[in-house]
Chemist: 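Sharing a structure with you now.
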Amino acid sequence: MESAQEDASSTDVFLVTANVGSLFEDPERLLQLWLSEFLAKIAVAQPRFLALHLQEVGGKTYEKSMEYVQEFIRCLCDAPEMGDFTCVHIFMDEDFKSAEHFTALGSLYFVHKDVASLKIWNFLTHSWEESLQDVKDKHIYSGNIETIATKEKSKFPQHFFPECKWSRKGFMRTRWEINGTVIDLVNIHLFHDASNLAACENFPSVYCKTRRRALVHTIERFHLDEQNGTVPFFLFGDFNFRCDTEGVVKELTENLTPHRVQNVKNENDKIHYRNSTGNNVLTVGKKEFSHADHQLKFKEDWLKKFDRELEPLKDVLVEYPIKFVPSYPFEEDPEMPTDYMSTRCPAWCDRILMSPQVNEIIQSDDWTYGMIGEAVCMGDHKPVYLTVRLKPNKGPADPTAISKLPESLANLVNQALNDESLWMEQSVVDDSSASNSSAAKSRYILMKKGTTSPCKEDTDEAGALAAKSDGLDTESAMLLKETTV
């Protein structure tokens, strides 16, 4: 009987994560497409609590995109589909001039008028906001939001960043009591893979280790927060998780021959994997990952076994089974909404994770984990969503209580935070470490711009460069070194 009453009074929660950087690179074509698809999903789901976590708000040039960010928020808040959400809290980190603080994260929360009881946490007073007016109505915080007490925001420590150079990576946390049940909602953006060549050297790659260190640091921080305590949390954002690139390449290149092509002038290496007839099947470069069957191959089930970045964290973070295709990197062209770009190995970058304690406060058999806009251009990242039903009156009565640091997390902290290899600058990772056996054979090719055929081939660099004396226009050509390894 109690279970039936609990089920009837549970709150439908809709969580979404979306990296929207590319929307603001081409707002005239993409912004309304994205909003239309997102709002259509909300109209169907009809949640009572909606959390939208955005990353890369404003794109690469925030100062030029601010007006579009404001239009995005206005369109979202004024949409008819959002009319019954009478309580709105929006936190937009827009202080792009502050390298120390700027994360480009946006956390947007919409609460339906039918929600009977709602509280939001104050991270400075370490207590719930007392005034109902501070919770209800519409609250939009933008620009410099460092002093806003109903959120906690932080960039990762500078030494966590590749080459110790600041970039827009960090997290933002809010805490809610919804019909007597307390949860933390954490928006996060982790580091990307700078080079495919470095990423496929081994697993875990240096980039994977860097992401893991920042993620473990964040979770440990919550567990050690004596003033605010520890409550069940949902952690959702752009984790930039990548497939085991080394394993993927091995899977795709069985019985193929690798040929390294090096641009002698700018050291822009690529490796072409060719079949017995000499056709390229896979090409891997620093920012190129292209397969002969690119649009179908990475939507097949085989790829899922290489989604391995969460394996060491399985005791501290849980996730529902993924049944959708990789969420990144999609073409940014509205005419090609289901196609992947050939820049990276497609991966499940955008995720919704949770602490194990969440299982105690939700209806465990009533959930949906999916993607928004499968057939519509949503930018290079497709938004990912999770629907759950939150049980009422599950507390905790005292959110400031501290839970013991799980042993599995303590072990991860020791491993990730003390990994000496991560103190090396990522820029010194050698992209040219593909096997250089003594049997490797090289040839130099002089390629004319705008052609796919060589204008001169030779077995050594000097011979190829001698092409100039043969009357060839080397100023408009490019010298490549191809090695069979």
Side-chain angles (χ1 to χ4, degrees), residues 17-35 38 52-73 75-76 91-108 142-145 153-156 158 160-172 187-196 199 207 210-211 214 237-242 268 285-289 327-334 336-337 340-344 346-347 349-350 373 377-383 426-427:
T17 178
N19 183 316
V20 292
S22 58
L23 297 190
F24 296 100
E25 306 297 326
D26 189 4
E28 292 181 359
R29 287 203 305 171
L30 300 182
L31 212 56
Q32 289 304 321
L33 269 178
W34 193 100
L35 284 165
F38 173 78
L52 172 59
H53 284 178
L54 305 177
Q55 305 84 40
E56 294 290 349
V57 175
K60 295 182 178 67
T61 55
Y62 202 105
E63 58 273 28
K64 297 179 181 177
S65 306
M66 286 183 69
E67 63 178 290
Y68 292 109
V69 175
Q70 293 163 6
E71 180 190 349
F72 178 88
I73 295 172
C75 289
L76 199 56
F91 305 87
M92 305 294 288
D93 184 9
E94 298 178 327
D95 190 13
F96 57 86
K97 293 181 180 178
S98 174
E100 186 179 352
H101 298 295
F102 183 49
T103 62
L105 294 174
S107 297
L108 299 80
S142 58
N144 184 325
I145 61 172
K153 181 178 73 71
S154 179
K155 290 189 83 156
F156 298 123
Q158 188 170 7
F160 280 22
F161 286 77
E163 304 176 48
C164 290
K165 292 180 181 178
W166 286 120
S167 64
R168 296 170 290 181
K169 303 293 188 293
F171 75 86
M172 180 151 57
N187 189 353
I188 194 166
H189 192 188
L190 297 178
F191 312 105
H192 68 285
D193 281 14
S195 167
N196 294 323
Y207 310 120
T210 303
R211 285 190 286 273
D238 178 5
F239 293 84
N240 260 314
F241 288 161
R242 305 303 169 97
N268 185 18
K286 183 176 182 179
K287 294 186 178 180
E288 180 178 356
F289 199 96
S327 61
Y328 171 87
F330 281 92
E331 291 283 357
E332 298 165 12
D333 184 345
M336 307 165 68
Y340 288 114
M341 290 190 281
S342 55
T343 51
R344 307 286 184 189
C349 292
D350 310 277
C377 181
M378 307 291 279
D380 55 351
H381 291 256
K382 299 277 191 189
Q426 288 189 11
S427 58

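Side chains included, hydrogens not; waters and symmetry mates left out as well; all remaining heavy atoms used.
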Chemist: So, does Glu56 use its side chain to make a donor-acceptor pair with the main chain of Gly21 at under 3.5 Å?
Modeler: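 A pair under 3.5 Å: no.
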Chemist: Could you check if a side-chain atom of Thr103 sits within less than 4.5 angstrom of a side-chain atom of Met172, using non-hydrogen atoms only?
Modeler: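 No, their side chains stay 4.5 Å or more apart.
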Chemist: Write down the atom of Trp34, the atom of Ala18, and the distance for their closest heavy-atom approach.
Modeler: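 Closest approach of Trp34 to Ala18, heavy atoms only: CZ2-CB, 3.7 Å.
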Chemist: Could you check whether any side-chain N or O of Asn196 sits under 3.5 Å from a backbone N or O of Gly285, counting only pairs where one atom can act as donor and the other as acceptor?
Modeler: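 Between the backbone of Gly285 and the side chain of Asn196 there is a qualifying donor-acceptor contact (under 3.5 Å).
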Chemist: Nearest 0.5 Å, please: how far is CD in Gln55 from NE2 in His381?
Modeler: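 So the NE2 of His381 and the CD of Gln55 are separated by 8.0 Å.
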Chemist: Is there a side-chain contact (heavy atoms from CB on, under 4.5 Å) between Met92 and Leu108 once you walk through the steps?
Modeler: CA-CA 8 Å; Met92 305 294 288; Leu108 299 80; 4.0 Å; yes
Chemist: Measuring from atom CG of Leu23 to atom CZ of Arg29, what distance do you get when rounded to the nearest 0.5 angstrom?
Modeler: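 Separation between the atoms: 12.0 Å.
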Chemist: Residues two or more places apart in sequence or in another chain: which of them pass salt bridge (charged side-chain N to carboxylate O under 4.0 Å, His left out) with Glu288?
Modeler: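 With sequence neighbours excluded, Glu288 shows a salt bridge (charged side-chain N to carboxylate O under 4.0 Å, His left out) to Lys270, given in chain and number order.
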Chemist: Can you check whether Asn240's main-chain N or O pairs, donor with acceptor, with Arg211's side chain at less than 3.5 Å?
Modeler: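 Yes.
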Chemist: Does any N or O in the side chain of Arg344 come within less than 3.5 Å of the main-chain N or O of Asp193, such that one atom is a donor and the other an acceptor?
Modeler: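 It does hold such a pair.
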Chemist: Check whether any side-chain heavy atom of Gln32 sits under 4.5 Å from a side-chain heavy atom of Cys75, and report yes or no.
Modeler: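 Gln32 reaches Cys75 side chain to side chain.
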Chemist: Does the side chain of Val20 reach to within under 4.5 Å of the side chain of Val57, using non-hydrogen atoms?
Modeler: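 Of all side-chain heavy-atom pairs linking Val57 with Val20, at least one is under 4.5 Å.
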Chemist: Just to verify, which of Lys153, His101, Arg168, Lys155 counts as forming a side chain to side chain donor-acceptor pair (under 3.5 Å) with Asp93?
Modeler: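 The option that passes is Lys153.
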Chemist: Is the shortest heavy-atom distance from the side chain of Asp26 to the side chain of Glu332 under 4.5 Å?
Modeler: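 Counting from C-beta outward, Asp26 and Glu332 never come under 4.5 Å.
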Chemist: Angle between ring planes, Phe102 versus Phe96, binned at 30° and 60°: parallel, tilted or perpendicular?
Modeler: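 Plane angle over 60°, so perpendicular.
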Chemist: So, for Leu190 and Lys169, which heavy atoms are closest and what is the spacing to 0.1 Å?
Modeler: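 Result for this residue pair: O-CE, 3.1 Å.
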Chemist: Counting C-beta onward and ignoring hydrogens, is there a side-chain heavy-atom pair between Thr17 and Pro383 closer than 4.5 Å?
Modeler: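 SC-SC contact between Thr17 and Pro383 ruled out.
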Chemist: Using only atom types and a distance under 3.5 Å, with no angle test, would you say the side chain of Asn187 pairs donor to acceptor with the backbone of Gly106?
Modeler: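 Judged by distance alone, yes, a pair lies under 3.5 Å.
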Chemist: Flag this pair as yes if the NZ/CZ of Lys382 is under 6.0 angstrom from the six-membered ring centre of Phe330 and inside a 45 degree cone about the axis; otherwise no.
Modeler: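 Yes - Lys382 lies over the ring of Phe330, closer than 6.0 Å to its centre and within 45° of its axis.
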Chemist: For Gly58 versus Ser65, what's the shortest heavy-atom pair and its separation?
Modeler: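 Nearest heavy atoms, Gly58 then Ser65: O-OG, 2.9 Å.
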Chemist: Does any non-hydrogen side-chain atom of Lys97 lie less than 4.5 Å from one of Asp95?
Modeler: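 In contact.
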Chemist: Enter the distance from Met341:CE to Asp333:CG here, rounded to the nearest 0.5 Å.
Modeler: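 Separation between the atoms: 11.0 Å.
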Chemist: Do Tyr207 and Phe191 have their ring centres less than 6.0 Å from each other?
Modeler: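 So the answer is no for these two rings.
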Chemist: Identify the heavy atoms of Cys377 and Pro334 that sit nearest to each other, and give their distance.
Modeler: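 The answer is CB-CA, 3.6 Å.
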Chemist: Locate the shortest heavy-atom distance separating His192 from Arg242; write the atom from each residue and the value.
Modeler: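 So the minimum-distance heavy-atom pair works out to CB-NH2, 3.6 Å.
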Chemist: Any side-chain heavy-atom pair from Pro346 and Tyr340 closer than 4.5 angstrom?
Modeler: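 Yes; the side chains approach each other to less than 4.5 Å.
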Chemist: What is the distance from atom SG of Cys349 to atom CG of Asp380, rounded to the nearest 0.5 Å?
Modeler: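 Nearest 0.5 Å value for the SG-CG distance: 9.0 Å.
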Chemist: Any non-hydrogen side-chain atom of Phe24 less than 4.5 Å from a side-chain atom of Leu31?
Modeler: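 In contact.
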Chemist: With no hydrogens and no angle check, is any side-chain donor or acceptor of Ser342 less than 3.5 Å from a backbone partner on Phe289?
Modeler: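 Checked: no pair found.
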Chemist: Work out which heavy atom in Pro329 is nearest to a heavy atom in Thr343; give both atom names and the distance.
Modeler: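 Between these two residues, the closest heavy atoms are CG-OG1, 3.9 Å.
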Chemist: Evaluate side-chain contact (heavy atoms from CB on, under 4.5 Å) for Leu33 paired with Phe38, printing each intermediate quantity in order.
Modeler: CA-CA 9 Å; Leu33 269 178; Phe38 173 78; over 6 Å; no
Chemist: If I take atom CG from residue Asp238 and atom CG from residue Asn19, how far apart are they, to the nearest 0.5 angstrom?
Modeler: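 Atom-to-atom, Asp238:CG and Asn19:CG are 5.0 Å apart.
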